Participant: 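Have a look at the structure that comes next, please.
These numbers were taken from a predicted model, which means no experiment stands behind them. Chain identifiers are assigned alphabetically (A, B, ...) following the order of the sequence lines, protein sequences preceding nucleic acid strands; residue numbering begins at 1 within each chain. Reckoned from all heavy atoms, side chains included, excluding hydrogens, waters and symmetry mates.
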There are 2 protein chains.
Amino acid sequence: MPEATVARLPLYLRALTTLAERGVATVSSEELAASAGVNSAKLRKDLSYLGSYGTRGVGYEVDFLRHQITREIGLTQDWAVVIVGIGNLGHALANYGGFASRGFRIAALVDADLSRVGEEVAGLKVRHADELEQIVQDLGIAIGVVATPARAAQLVCDRLVAAGVTSILNFAPAIVQVPEGVDLRKVDLSTELQILAYHEQRKNGAALALTAEQAAELAEAVNG
Amino acid sequence: MPEATVARLPLYLRALTTLAERGVATVSSEELAASAGVNSAKLRKDLSYLGSYGTRGVGYEVDFLRHQITREIGLTQDWAVVIVGIGNLGHALANYGGFASRGFRIAALVDADLSRVGEEVAGLKVRHADELEQIVQDLGIAIGVVATPARAAQLVCDRLVAAGVTSILNFAPAIVQVPEGVDLRKVDLSTELQILAYHEQRKNGAALALTAEQAAELAEAVNG
DNA sequence: AGACGCTTGTGAACGTGTGCACAAAGTTGC
DNA sequence: GCAACTTTGTGCACACGTTCACAAGCGTCT
């Protein structure tokens with residue numbers, strides 16, 4: 001399955017859940033594509049990788065399709081997750097309700113700062129970083145979330161990998177390297193803003209250019 | 001400039017900043033690519049869109065290149081940002097130090113919940129959502145960050161756009177539609193985890209298949 | 001039963017992104 | 001000044017992703 005398709009499946013899943021909550025039983029690729037914000041041909045091609053779950057002339061059965069995507073992504077089992085770094089962001093992640101409902105269970109919170117250890121966050125006691133390996137092994141954790149400062153990120157990832165974690169979601173603004181076989185995704189707040197800033201700047205430039213053009217037209221109209 | 005290149009410029013900028021802090025004056029495409037975690041040919045092609053800023057046989061001057069990228073992204077000016085939704089995530093974003101150092105200034109915090117209005121977060125008083133339009137216009141805000149619950153996201157985006165915001169970074173787990181000309185990027189925590197889960201599941205599947213194969217080999221060894 | 005209308009699933013064309021490989025261009029050493 | 005070495009910038013081939021367009025299939029209505 002193409003990586004681009006995998007990245008969109010959660011989007012479809014969310015759209016389907018919304019439709020299911022509204023009591024919609026079947027949906028066409030056109031409608032579903034619209035509510036997911038993608039092209040309908042792309043949606044159909046994406047869904048075709050799962051199998052032929054649609055009915056020509058009718059569309060897709062919402063609940064059935066939802067179940068198929070859930071199964072394909074692997075959300076029928078629940079995934080134990082450890083969050084490393086319980087600062088502002090770690091707190092926010094720990095308290096984020098969206099995980100539990102989507103097959104993820106926050107199994108442990110870890111921090112290197114002794115003043116945070118023992119504190120209760122989202123119903124879990126924060127444990128010390130020294131216990132990280134033990135926790136990962138005892139709880140059979142495969143997915144780690146890194147929300148530490150940038151300077152700690154590489155070390156934390158190394159330790160997670162050494163303890164047996166094979167998927168890492170990194171929020172730290174740092175470039176970390178992981179060995180082959182370990183999946184690393186990163187979410188970088190300032191990178192996202194910088195991309196927006198680039199386009200914003202070009203928009204303003206375009207606006208100015210347009211104004212200049214309009215000015216030229218105006219000049220021509222006046223002089224011509 | 002290709003979109004894929006734009007998305008990598010912040011990465012290079014970060015790598016260059018790290019190098020500059022370490023006192024490195026010049027860097028080859030090979031070294032810079034390694035620290036940014038990309039292919040060196042790709043890096044060179046990306047940088048070539050900015051102009052011919054390298055010296056053959058030597059490499060790139062760190063400070064100079066850093067400045068060029070900063071200018072290209074539009075980080076020489078500072079961008080006023082409003083954060084809407086001061087829950088756990090909004091708090092974390094408001095307190096995130098990485099913005100100020102990268103040309104972004106959090107100019108206002110807004111929330112619909114009256115119990116949060118007036119609270120001081122990261123040195124700013126939280127203001128009420130009713131004031132949103134006024135704030136955007138008064139402060140000349142072009143970039144909005146949405147950290148509200150999913151159900152409020154579309155309305156908040158509509159109001160931001162109506163008030164003149166042309167770039168939105170959406171953290172709410174909802175699919176929002178914006179008119180042409182407005183840039184929308186989204187950061188979705190559970191989507192990222194779901195993508196990891198998909199690969200994790202496949203890894204386990206592969207591991208199980210291998211075990212089955214090993215079992216077959218073992219059976220053959222025993223029986224043969 | 002057959003014709004009609006609607007929607008899926010997919011072949012094919014197109015566009016974008018990636019990476020190799022090398023010529024061009026600079027530096028260093030003698 | 002020239003040869004040897006290093007590194008950039010880029011042409012080219014390939015892989016990946018997207019979109020169009022339409023045949024195939026299903027349901028409905030007469």
Participant: Sequence neighbours left out, what passes side-chain hydrogen bond (donor to acceptor under 3.5 Å, both in side chains) with A/Thr148? Give chain and number order.
Facilitator: none
Participant: Below 4.5 Å, heavy atoms only, C-beta onward: do A/Ile175 and B/Thr18 meet side chain to side chain?
Facilitator: no
Participant: Kindly write out the residues that satisfy side-chain hydrogen bond (donor to acceptor under 3.5 Å, both in side chains) with B/Gln137, not counting sequence neighbours, or none if the list is empty.
Facilitator: none
Participant: Indicate every side-chain donor-acceptor pair of residues 69-77 of chain A with a distance under 3.5 Å to a residue at least two apart or in another chain.
Facilitator:
{"unit_1": "A/Thr70", "atom_1": "OG1", "unit_2": "A/Arg66", "atom_2": "O", "d": "2.7"}
{"unit_1": "A/Arg71", "atom_1": "NE", "unit_2": "A/Gln68", "atom_2": "OE1", "d": "3.4"}
{"unit_1": "A/Arg71", "atom_1": "NH2", "unit_2": "A/Gln68", "atom_2": "OE1", "d": "2.5"}

Participant: Sorted by first residue and then second, give each ring-ring contact (aromatic ring centres under 6.0 Å, His included) pair with at least one member in residues 13-69 of chain A; sequence neighbours left out.
Facilitator: A/Tyr53-A/Phe64
Participant: Going 5' to 3' through nucleotides 22-30 of chain C, assign each nucleotide B (protein heavy atom under 4.0 Å from a base atom), S (under 4.0 Å only from sugar-phosphate atoms) or - (no protein heavy atom that close).
Facilitator: --BBSS---
Participant: Does any pair with a residue in residues 19-28 of chain A pass side-chain hydrogen bond (donor to acceptor under 3.5 Å, both in side chains), and if so which ones, sequence neighbours excluded?
Facilitator: A/Ser28-A/Glu31
Participant: Look at all strands and tell whether A/Tyr49 reaches a base, only sugar-phosphate, or nothing, counting heavy atoms closer than 4.0 Å.
Facilitator: nothing
Participant: For B/Glu200, what residues pass the side-chain contact (heavy atoms from CB on, under 4.5 Å) criterion, not counting sequence neighbours?
Facilitator: A/Trp79, A/Ala142, A/Thr166, A/Ser167, B/Lys203, B/Asn204
Participant: Any N/O pairs under 3.5 Å between the protein and nucleotides 12-17 of chain C? List them or say none.
Facilitator:
{"unit_1": "C/dA12", "atom_1": "N6", "unit_2": "A/Lys45", "atom_2": "NZ", "d": "3.0"}

Participant: List the atom of B/Ala15, the atom of B/Ala36, and the distance in Å for their closest heavy-atom pair.
Facilitator: CB-CB, 4.4 Å
Participant: When you check the phosphate oxygens OP1 and OP2 of C/dG9, does a side-chain N or O of A/Tyr60 lie under 4.0 Å from one of them?
Facilitator: yes
Participant: Do B/Tyr12 and B/Val38 come close enough that some side-chain heavy atom pair is under 4.5 Å?
Facilitator: yes
Participant: Ignoring hydrogens, what is the shortest heavy-atom contact between B/Val146 and B/Cys157? Give both atom names and the distance.
Facilitator: CG2-SG, 4.0 Å
Participant: Could you tell me from which nucleotide to which nucleotide of DNA chain D, 5' to 3', there is an atom under 4.0 Å from chain A heavy atoms?
Facilitator: D/dG17 to D/dG27
Participant: Working to the nearest 0.5 Å, report the span between OG1 of B/Thr191 and CZ of A/Arg185.
Facilitator: 9.5 Å
Participant: Identify, residue by residue, the members of residues 15-33 of chain B with a heavy atom below 4.0 Å from DNA chain D, and return them in order of residue number, or none.
Facilitator: B/Ser28, B/Ser29
Participant: Test of understanding: with side-chain hydrogen bond (donor to acceptor under 3.5 Å, both in side chains), list the residues that count as partners of B/Asp158, not counting sequence neighbours.
Facilitator: B/Gln154
Participant: For B/Arg102, which residues count as a salt bridge (Lys or Arg N to Asp or Glu O under 4.0 Å) partner, sequence neighbours excluded?
Facilitator: none
